[in-house]
Amino acid sequence: MVFLLQMFTLYSLSVFSGASAATHHNCNGPLVSALPHSSFQSSSQSSVSFAAYNAKLNRRDGAGGWSPVVTDQEPWLQVDLREQMEVTAVATQGRYDSWDWVSSYLLLYSDTGRAWKQYRHEDGVGRFVGNVNSEAVVQNKLSHPVRTRFLRFIPLDWNPSGWMGLRVEVYGCSYKSYVADFDGRSSLLYRFNQKSMSTVKDVISLRFKSHQAEGVLLHGEGQRGDYITLELHRGRLDLYLNLDDSRLRFSSRRVAVTVGSLLDDQHWHSVHIERFNKQVNLTVDSHTQHFQTKGEGHSLEVDYELSFGGIPLPGKPGTFLRKNFHGCMENLYYNGINIIDLAKRRKPQIHSVGNVTFSCSQPQLVACTFLSSSSSFLSLPSAASATGGFSVRFQFRTWNPDGLLLSVQLNLEPQSLELQISNSRLHLTLHSSGRRKSEVSAGHRVDDGLWHSVSLGTRNLQVTLTVDSEPSSTIELWEQLESRGNFYFGGCPTADCQVPTPTFQGCMRLIFINSQPMDLGHVQQRFLGNYNELQFDTCNIRDRCLPNLCEHGGRCSQTWSSFSCDCSGTGYSGATCHNSIYESSCEAYKLLGSSSGFYSIDPDGSGPLGPTQVYCNMTEEKVWTVLTHNSTAPVTVQSSSIQKPHIMKFNYSTSAKQLRAIVSGSEQCQQEVVYTCRKSRLFNTKDGSPLSWWLDREGEKRSYWGGFLPGVQQCSCSLEENCIDMNYFCNCDADTDTWANDTGILSYKDHLPVSQIVIGDTNRTGSQAVYHVGPLRCYGDKSLWNSASFYQESSYLYFPTLQAELASDISFYFKTNAPSGVFLENLGLKDFIRVELSSPSVVTFSFDVGNGPAVLSVKSHLPLNDRQWHYVRAERNVKEASLQVDQLPLRFLEAPADGHLRLRLSSQLFIGGTASQQRGFLGCIRTLTINGVSFDLEERAKMTPGVSSGCPGYCSGSSSLCHNRGRCIEKSNGYICDCSQSAYGGTTCNQEVSVSFDRESSVTYTFQEPFSVMQNRSSHTTSVSTESSSRAREDVAFSFVTSQRPAMLLTVSTFSQQYIAVILAKNGSLQIWYHLQTDRSPDVFSPALSNLADGRLHRIRIHRVGNNLYVQIDQDIHRKYMLSSDAELILIRSLTLGKVTRTDNFSEEVIQAASKGFIGCLSSVQFNHVAPLKAALTNRGSSLVTIRGPLVQSNCGALAESTSHTLQDQAVTANKDKEQHGNGTQKDLAVIAGVVTAVVFIAVCALAVISRLLYQQRRAQRSSSSSIKEEHRHSMYTDYRTELHLHNSVRDNMKEYYI
């Protein structure tokens, strides 16, 4: 309620402050129709009758509009509104009664007509939609109004059967402007009527423009330590605000809230600050930051005065920002007070320091923009130098870390000079004949988007390079240098020189050659020098990281034409850090073949909740998710009463929102409360009121102690009818002097977990209670098997409009026998998104965000309407779109760099059909998840005709019939399990596939076709989008038992000299080697320093996404490591288990392990979708599998695992009994556990001896040639040898077979 009141107050303040500036209620009047001829200018005109002043909307003067000459390569039409106006819309029309019109254009605006800025819509698009004929008027409303005097229309496209023709109108209104000009040494002081001013709410608004990146706009402070400072810093706006926070008062490090970017562009920017108590909104242009101040205070206490434009006394205590603002401010309001108006009328409240004038006369620094990274250049002649040699000065700004800034040919040795940006630094190179060159570097991070000054000169036999205010760098010469020919800026025409580096992409201004300024206006008019791919009178730079489109805390970096996201440490991956790298539940990990252990799960996938760590218990039939809290030991309570109760708060290992998501997504949850008592009641026996209770996850009071019926105030003994005194509902309420037990299991999901427990009746003599609240345990994933069947083509399920403006991911399973049908569709006015089965073997993902329809298709070599489950995942974000079907290669489509970003939808979301009720889907859809939200298809299907809940068939139930990535295949009289994507065998893909290796043994799997070149084709209806290859990703899993060290476990090598190696080092520790870039040293990781060559079974899981590496050993938590490169494995050659003979490019330690081979057992080896051990056992005649040395099929993996599980189950049982029986049974359990452990140990030793004897007996029976013993092989496997070959696989270039 308080928050709503604060928001309402902020809104009221916003309305009040907006009313104090311009009036916006009817700002849509025409501004061009009454202008004189002199207000129109153009780059050229075909003749007088085609002049610019004829370009008024709906007028037929002259030739009926403006048209440039045919030879005009850079046409534009300019309108002078005669004074500053607020512009809200523009409209265009073709030339009257002609074939001349403009179909798209750019809009530039300026205060002076010299320095221009391109208008961009809120999603960054600068292109405006124009006309399709000569008479219709097309109006474009501006998403954010601009206040300007000059507008320039720049045609981009026109009628291909005619020429450019343009008539225009501008809509808006005038507004009252109060302007003040600050020269960098001046300020305005607003002095209060009293000694200090204390406010609980503030509204400050202003507009400013400047060509400097530093300067204080506002400052005030009080003796209590409060302060407020608004400062331009590095072209951004920083707000420092402290409300009685003593930590900040005495700290030298003050934290700022930063908004905006590139604010030193000489154009107007609006600032709006709203504060109510501790809640603050800071808005710069259209970007807003909401934050809350730190400290205890709610009011801002400022002494004497507020200063605007700077801090007049640099030595004033508490001041920490020094440089004053240099530029203009407009309509400066402080809590409704017009500061500039008071200053202009010389009111006594305002004191002027320095020279403050009331008109904006800031110099316009005209810049030019180098548009192309390959062909832009500016050629300027050399002005005569009075002192010999030459000098060059200029300023530049860019986002690119590389590019050529300047090159010039020289008369004598050295022959040429080049100044370039390389790795974000400036490098000056003198090239001489004979490949000799001299180099010097200067500057740091010059690709930060800020203006940087460069000075280059030759004097006194030295070449001197100076960047900004840094010390100069020099190169010594033998003789004075003289320039020959022109100076080339930004690039060089290929006819004149060869440039090995990329050309410069960015802005330049203030170019001086031999101290003579270069007039860029003359260059544009071809009176001076030459140029190519340049834009004049504007610096068309934009910050692509504002706003930050990287999700989940991803870090944004940019170049001139694109941005990228660094997802390191976020738990997410993808172009915009949209996709969680973790599974959504323990159930999902189980389906992947994982065993019990600690896992990170992301309950809402790509949604806003982050990942959290849980324990997944997979030893039972049900998969349990276990979440612990801070109180694990039993707690004894005495001396507590209802007035002074004992209170224990439980803090769980995950956040409240994550807990809620995990509980709501599970089929069932429970939490055990162990409660033993002596003369301590739970309920008052007189009136039944609770004496002890617990709080649920929402903080609500609960007094039931067992079961799933929250309305019944009872304990478990009452529900089970076995209380010691049937007159009471709880054992403890009998109030006896002996110990009683009221342990119960809470299982009403909506109340779990327990957040707090309160004990109130232990203050009597002899009263005592002992309680223990167990961890929260949940099982099942409701979304995994949530399904619906569609049996009418006109039927569909509908849901609310998809909220997916910037990013969306859609995943589901389907099965059908229909040849086509729409899975999902959501429409807008023009935009749409659709996923469909477009033909029996093709899934299509199509959408339109305003750039024209984009289409991604994946084609299968086998029909997809085979009544089997198939997986589809479609994603679209501002960088790219992707589509995956089953295990077919992922298809990508890059988004255009400067296209529309937002997907604007308005209709309902249709599942299984379309709004037109045509092309509906016939079949089953399950596990539909969009942006991390699982859709309840079953519930919606109950009320929809033509759709039913669930799906028929053996493979549609929630029970997992096929394990370890096995795929359930429907048959007419049952089902079989497709284990082709699993490293396991057997009828349900749960049998370990294990092989015993000798020192000389090895299995090599040769990839017939490298993964990196498997492709499917996609299409896009526009030419601006391009496709990209699949991203770097590996999944490796295997188990092993050995006592050998060092040892080679697994290697993957490529034709491009890359490799992955997993070895045991000399000390038995696991080492993972990644050599992705041949010119660098390999990355080496040691996830476990303990000795793994201990004769026990160890499970290893390795997962890589880009440069993030995740490793799990046994049941330990996933460990994360960072690779030095995110490169893909290019042209995979082979995977080898055991001894490696080909070690051309391996490191010394890897070579040593490779020579030792591997002695022991390898089990269930999987690399992506290849199971090399299974291939070796069932396809020994294949050319893709090479076996060297003796190999024996074994059950060593299953044997070791069963031993491990036996020990683990004993430990789990012991712990469970310990919790139930309390401290009194610890000794008995210890004896039992010891005996059981001894028996198990003896059994293991006996099994090990028997296994060794059997192994030696088998080895003695083998012939000298390599062979494989195949006992009971046909009972375990069906014959699928022919299906190994990748070119005959049932999935596109992916090995698949049936077991």
Side-chain angles (χ1 to χ4, degrees), residues 571 580-632 650-673 696-698 708 745-755 772-786 927 929 932-934 936 957-960 963-965 1099 1101 1103 1110 1112 1114-1118 1205 1208-1209 1211-1213 1215-1216 1219:
S580 178
I581 62 176
Y582 303 109
E583 299 298 328
S584 61
S585 65
C586 290
E587 192 85 25
Y589 278 110
K590 176 68 174 178
L591 292 176
L592 293 177
S594 301
S595 57
S596 297
F598 288 95
Y599 291 88
S600 291
I601 65 172
D602 198 331
D604 71 336
S606 59
L609 300 180
T612 185
Q613 191 179 101
V614 300
Y615 183 80
C616 296
N617 186 350
M618 305 180 190
T619 57
E620 306 176 26
E621 181 179 349
K622 297 175 181 176
V623 179
W624 289 93
T625 302
V626 183
L627 296 105
T628 58
H629 52 72
N630 59 324
S631 179
T632 56
F650 299 103
N651 297 319
Y652 289 83
S653 56
T654 185
S655 70
K657 290 183 179 180
Q658 291 169 327
L659 276 172
R660 191 176 293 107
I662 293 172
V663 171
S664 61
S666 301
E667 292 182 10
Q668 184 175 334
C669 293
Q670 64 185 42
Q671 196 164 12
E672 185 182 43
V673 180
D696 63 16
R697 69 186 185 202
E698 304 295 342
F708 56 88
I745 295 179
L746 306 174
S747 55
Y748 186 66
K749 263 197 351 171
D750 292 349
H751 291 169
L752 296 179
V754 177
S755 63
H772 172 239
V773 178
L776 175 66
R777 303 173 73 241
C778 299
Y779 74 81
D781 187 337
K782 290 197 305 182
S783 67
L784 279 179
W785 299 99
N786 191 295
T927 322
T929 303
V933 178
S934 299
D936 193 345
S958 59
S959 60
S960 181
H963 306 280
N964 301 308
R965 295 189 182 184
R1099 289 191 177 277
R1101 294 183 65 88
H1103 173 64
Y1110 303 88
Q1112 184 186 28
D1114 297 330
Q1115 297 181 18
D1116 198 2
I1117 62 174
H1118 285 79
H1205 280 178
Q1208 183 184 14
D1209 293 343
V1212 170
T1213 304
N1215 288 334
K1216 203 168 185 179
E1219 290 180 2

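Only heavy atoms go into these numbers, but all of them, side chains included; no hydrogens, no water, no symmetry mates.
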Item checked: Expected output: side-chain Q658 to main-chain G610 donor-acceptor under 3.5 Å -> yes

Notebook entry, point to check: Is R660 salt-bridged to E698, going by a charged N under 4.0 Å from an acidic O?
Noted result: yes

Next item on the list: Measure the acute angle between the ring planes of Y748 and H751, then classify it against the limits of 30° and 60° as parallel, tilted or perpendicular.
Entry: perpendicular

Notebook entry, point to check: Of all heavy-atom pairs between L609 and A661, which one has the smallest distance, and what is that distance?
Noted result: CD1-CB, 3.8 Å

Check: Between the main-chain N or O of S934 and the side-chain N or O of T929, is there a donor-acceptor pair closer than 3.5 Å?
Finding: no

Check: Are any of the side-chain heavy atoms of P775 and L627 separated by less than 4.5 Å?
Finding: no

Check: Any idea which heavy atoms bring L784 and A588 closest together, and the distance?
Finding: CD1-N, 4.5 Å

Note to self: Against Y589, only a single residue in Y582, Y615, F598, Y599 fulfils ring-ring contact (aromatic ring centres under 6.0 Å, His included); can you say which?
What the structure shows: Y599

Next item on the list: Measure the CG-CZ distance between L752 and R697 for me, rounded to the nearest 0.5 Å.
Entry: 8.0 Å

Check: Any idea which heavy atoms bring C586 and W624 closest together, and the distance?
Finding: SG-O, 4.2 Å

Check: How long is the span from the NZ atom in K590 to the SG atom in C616, to the nearest 0.5 Å?
Finding: 11.0 Å

Margin query: As an exercise, state the distance from CG of D602 to OG of S585, rounded to the nearest 0.5 Å.
Written below: 11.0 Å

Check: To the nearest 0.5 Å, how far apart are OG in S595 and CG in D1114?
Finding: 8.0 Å

Margin query: Test your reading of the model: is there a side-chain donor-acceptor pair from N630 to the backbone of N651, 3.5 Å cut-off?
Written below: yes

Notebook entry, point to check: Are any side-chain N or O atoms of K622 and backbone N or O atoms of G780, one a donor and one an acceptor, separated by less than 3.5 Å?
Noted result: no

Item checked: Whether H772 side chain and T632 backbone form a donor-acceptor pair below 3.5 Å -> yes

Next item on the list: Report, as yes or no, whether the 6.0 Å neighbourhood of atom NZ on K657 holds more than 12 heavy atoms from other residues, nucleotides or ligands.
Entry: no

Notebook entry, point to check: Okay, side chain of S666, backbone of D781: is any donor-acceptor separation there less than 3.5 Å?
Noted result: no

Notebook entry, point to check: Roughly how far apart are E667 CD and K749 NZ, rounded to 0.5 Å?
Noted result: 8.5 Å

Next item on the list: Could you pull out the closest heavy-atom pair between Y652 and V754, with the gap in Å?
Entry: OH-O, 2.5 Å

Item checked: Sole candidate of C778, S664, P753 that passes side chain to side chain contact (heavy atoms under 4.5 Å, CB included) when paired with L659 -> P753

Check: At their closest point, which heavy atom of N964 faces which heavy atom of G593, and how far apart are they?
Finding: OD1-CA, 2.9 Å

Notebook entry, point to check: Measuring from T625:OG1 to R777:CZ, what's the distance to the nearest 0.5 Å?
Noted result: 10.0 Å

Item checked: Heavy-atom closest contact (L776 atom, Q671 atom, distance) -> N-NE2, 4.0 Å

